[in-house]
Amino acid sequence: MDGRKTTGAMNDAELARLLVQVRAGDADAWGELYRTFAPAIFRFCRRALPTREDAEDATTEIFMKVRQKLGTFDASRPFTAWLYKVASNHCWDILRRRRIRQDLETEDVEALPLEHPEPSQLERLQAEHAGAEVRRGLAKLPDRARMALVLRYFAEMSYDDIAETLGVQRAFVGVLLLRARHQLRDILRQGGAEAAFAARGKS
Amino acid sequence: MSHFDEMTALLYLDKQLDEGRDREIAAHISACGPCRNLLQALQKENIWLEEALASPDEPIPWRLSAPPESENIWASWAWTATLAAGAAGVYTVWSGMIDPWLTQASDAGFNQGNVLTMLFFSGAFWKGWDAMQSMIEFLSIASVTVVALWLLRRHWRRFTVVAAFLAAGLGMLAFSPAAKAAEVDHGDPNYTLEAGREVKTDLIVAAEHTRIDGDVDGDLIVSSRSITVNGHVKGDLLAFGQEVYVNGPVDGNVRTFAQALNLNSVVGKNVMAWTREVDMEEKARVGGTMTLGAANTELDGEVNGDLLAFSGDLEANGRLGGNARIRAGRLRIGPKADIGGQIRYRGGRQPEVAADAKLASPIQILSRGRPRPNYASLGFYWRQVLAWAAALLFGIVLFLMAPVFFRDVENSGNRFGVSLGLGLLFLVATPVAAVVACLTIIGLGVGITALLVYIIAIYAAQVFVGEWVGEKLLGAGAGTGAAIGRLAVGLAILHVLRLIPFAGRLVGLIVVLWGLGALVLAIHRRLQPQFAPAA
């Protein structure tokens with residue numbers, strides 16, 4: 001797991017010691033654990049959920065769950081992976097409860113013809129679109145596609161964990177990811193075309 | 001040579017292919033330029049996505065700066081204590097404050113059934129049932145809007161909601177019938193309503209000097225250095241100024257906030273005056289009650305109802321139909337006085353009563369000032385327990401409403417010196433600023449609100465200091481129950497310290513300054529930009 005996203009300067013031994021203190025009921029240690037991981041979890045929720053308010057509420061609820069479930073955490077496994085599992089399950093539950101997930105998406109994806117992209121076009125797209133545009137494009141994706149990309153490229157989850165979180169077959173995860181990347185590219189291309197059209201209109 | 005597809009490339013990059021297929025792809029890309037390029041492009045896309053998603057583009061919100069509380073074994077005890085404290089607090093507030101106040105108000109002629117109706121129907125802004133129709137319409141629209149915004153809140157950004165509320169509020173104010181039914185004038189610098197002229201609606205005036213010689217069909221609301229009303233006001237008169245002269249008849253109520261009030265006419269309903277001087281002339285008549293707060297009061301006219309007065313010097317030399325409840329440094333009852341009801345007087349000197357004065361009953365003299373604490377009485381300690389419970393209840397409500405802010409104020413208390421200095425500054429400056437704001441119509445709402453918040457903040461100061469003291473003694477345990485426990489212990493200690501003769505008053509003052517300063521510091525910090533995430 002990339003330390004840049006989660007633990008900052010804290011190493012594994014320090015994290016392990018902190019977790020022991022939290023489990024022993026040390027309020028200061030809990031505060032430190034929270035301050036270490038809350039920014040990353042908030043950002044994760046921000047990418048996964050539609051609004052900032054949803055992300056704020058979800059972050060609070062995730063940490064309440066973490067505190068309740070910390071006793072069940074297997075200390076031999078990476079804490080960050082477990083934390084993201086709790087977070088992703090919570091976010092996906094929120095989206096599912098709201099019934100805004102598109103249930104027919106599976107069939108659509110399976111029917112999608114996968115075009116072989118031109119590498120040069122891909123590289124041009126990457127060069128033309130900055131991070132903020134990518135994040136805006138991501139917000140326009142259907143929930144499952146957005147969630148798949150966030151789980152894989154933000155939380156760095158394995159295909160097994162993604163399949164379990166989203167409730168799909170493991171073999172389907174690759175298709176889901178590829179489809180999501182195609183949709184994101186289309187959104188960015190469309191945005192670029194609209195911007196170019198608008199610029200031409202002004203000139 | 002046939003190329004592999006994008007799906008295969010992605011699975012190869014993610015190490016999701018079986019061993020045989022993986023070797024096959026590795027061998028293929030070593031010989032195939034286009035497939036190698038595709039693989040590289042996809043790999044770059046991976047990095048591009050990771051960087052875009054991981055970018056700390058927005059700061060973590062302030063409300064997430066502290067960890068959330070979770071339920072623990074303290075909770076049930078805490079809620080039990082809360083309910084008990086709540087019951088005790090309600091009893092304390094009712095028996096200690098509201099009930100005596102209601103009795104006092106009832107003595108003064110405010111005879112409506114409960115506090116809300118009394119405040120509303122005796123207030124200057126009550127205009128009768130006809131005006132209520134537009135108010136009901138306004139409240140209906142406002143309620144529907146609030147419910148709609150609440151339902152849509154998850155789909156809106158917070159600032160959008162706030163902006164919508166403001167826009168809706170301003171819109172309703174601008175287009176409501178009540179707003180249209182008033183003439184608003186700004187003097188340049190003076191304003192005069194000429195004799196013979198009649199304003200058919202309410203009249204609102206802000207000017208250097210205001211003179212009303214004509215008639216006003218509705219209410220007259222004036223903010224001015226000097227105000228002279230010679231015409232006929234058919235509604236209420238609400239006056240803010242230095243000198244207020246009421247020479248013409250007022251059918252409704254007169255409410256004044258001024259340096260001096262000179263009343264020389266007939267007032268149909270009640271008079272309420274918060275002024276330095278009150279001079280009621282011999283021919284003045286008040287149909288209802290009179291409520292006064294003044295340094296010097298001279299009453300030569302006739303009051304049909306009751307009199308409630310807080311005054312330095314009070315001289316009564318007219319007719320009073322009802323009872324009088326007077327608290328004054330000096331009370332003189334002149335030879336022309338004719339008091340129909342009972343006089344209850346609390347003051348520094350014995351009242352001076354002229355030989356020719358007519359009193360229906362002897363003056364009842366009440367003991368002056370607060371009774372000294374009777375440390376031997378059980379009732380004294382019971383009252384202290386009730387006061388502690390009321391403060392605890394207030395603190396719990398405050399904590400549950402805004403736990404993060406509550407902790408923030410408590411932490412600000414660590415800066416003792418700064419808190420004390422800021423507390424002193426705001427203790428003195430806030431009422432001055434609020435009173436100055438009240439002198440203008442625009443600032444009136446702000447001024448009154450500021451005074452209310454000021455009073456609440458002074459009471460709340462003990463809660464923050466109590467929590468701070470509790471934490472120093474018990475440690476910073478997590479959870480709502482622990483916080484309430486700290487608050488209970490800290491407040492108990494503060495209440496015990498306040499019982500110490502002489503030193504207790506100093507403790508009380510320090511607590512107010514310290515808590516108020518910590519509150520101001522915390523609010524100041526809130527107004528600073530949000531912090532950026534460390535990760």
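Chain identifiers are assigned alphabetically (A, B, ...) following the order of the sequence lines, protein sequences preceding nucleic acid strands; residue numbering begins at 1 within each chain. Any value given below was found using the heavy atoms of this structure, including those in side chains, with hydrogens, waters and symmetry copies removed.
- The distance from the CG atom of B:Leu53 to the OH atom of A:Tyr153 is 10.0 Å, given to the nearest 0.5 Å.
- Contact annotation for B:Leu42: both backbone and side-chain heavy atoms come within less than 4.5 Å of a heavy atom of chain A.
- A salt bridge links A:Arg185 to B:Glu45: one of the charged nitrogens lies within less than 4.0 Å of a carboxylate oxygen.
- To the nearest 0.5 Å, atom CG of residue A:Leu149 and atom CD of residue B:Glu50 are 11.5 Å apart.
- A 4.5 Å side-chain heavy-atom check between B:Asp14 and A:Arg152 finds at least one atom pair inside the cut-off.
- Rounding to the nearest 0.5 angstrom, the gap separating the OG atom in A:Ser158 from the CD atom in B:Gln16 is 8.0 Å.
- Closest approach of B:Leu11 to A:Gly174, counting heavy atoms only: CD2-CA, 4.2 Å.
- Options A:Phe63, A:Phe44, A:Tyr159, A:Phe42 differ in how many heavy-atom pairs under 4.5 Å they form with chain B, and the most are formed by A:Tyr159.
- For A:Leu33, no part sits under 4.5 Å from any heavy atom of chain B, backbone or side chain.
- Note that the OG atom of B:Ser55 and the CZ atom of A:Arg135 stand 4.0 Å from one another [nearest 0.5 Å].
- Environment of NZ in A:Lys65: crowded, with over 12 heavy atoms of neighbouring residues, nucleotides or ligands closer than 6.0 Å.
- Atoms CG and CG, from A:Leu177 and B:Leu10 in turn, are 6.5 Å apart once rounded to the nearest 0.5 Å.
- Separating the CG atom in B:Leu49 from the CZ atom in A:Phe154 is a distance of 13.0 Å, to the nearest 0.5 Å.
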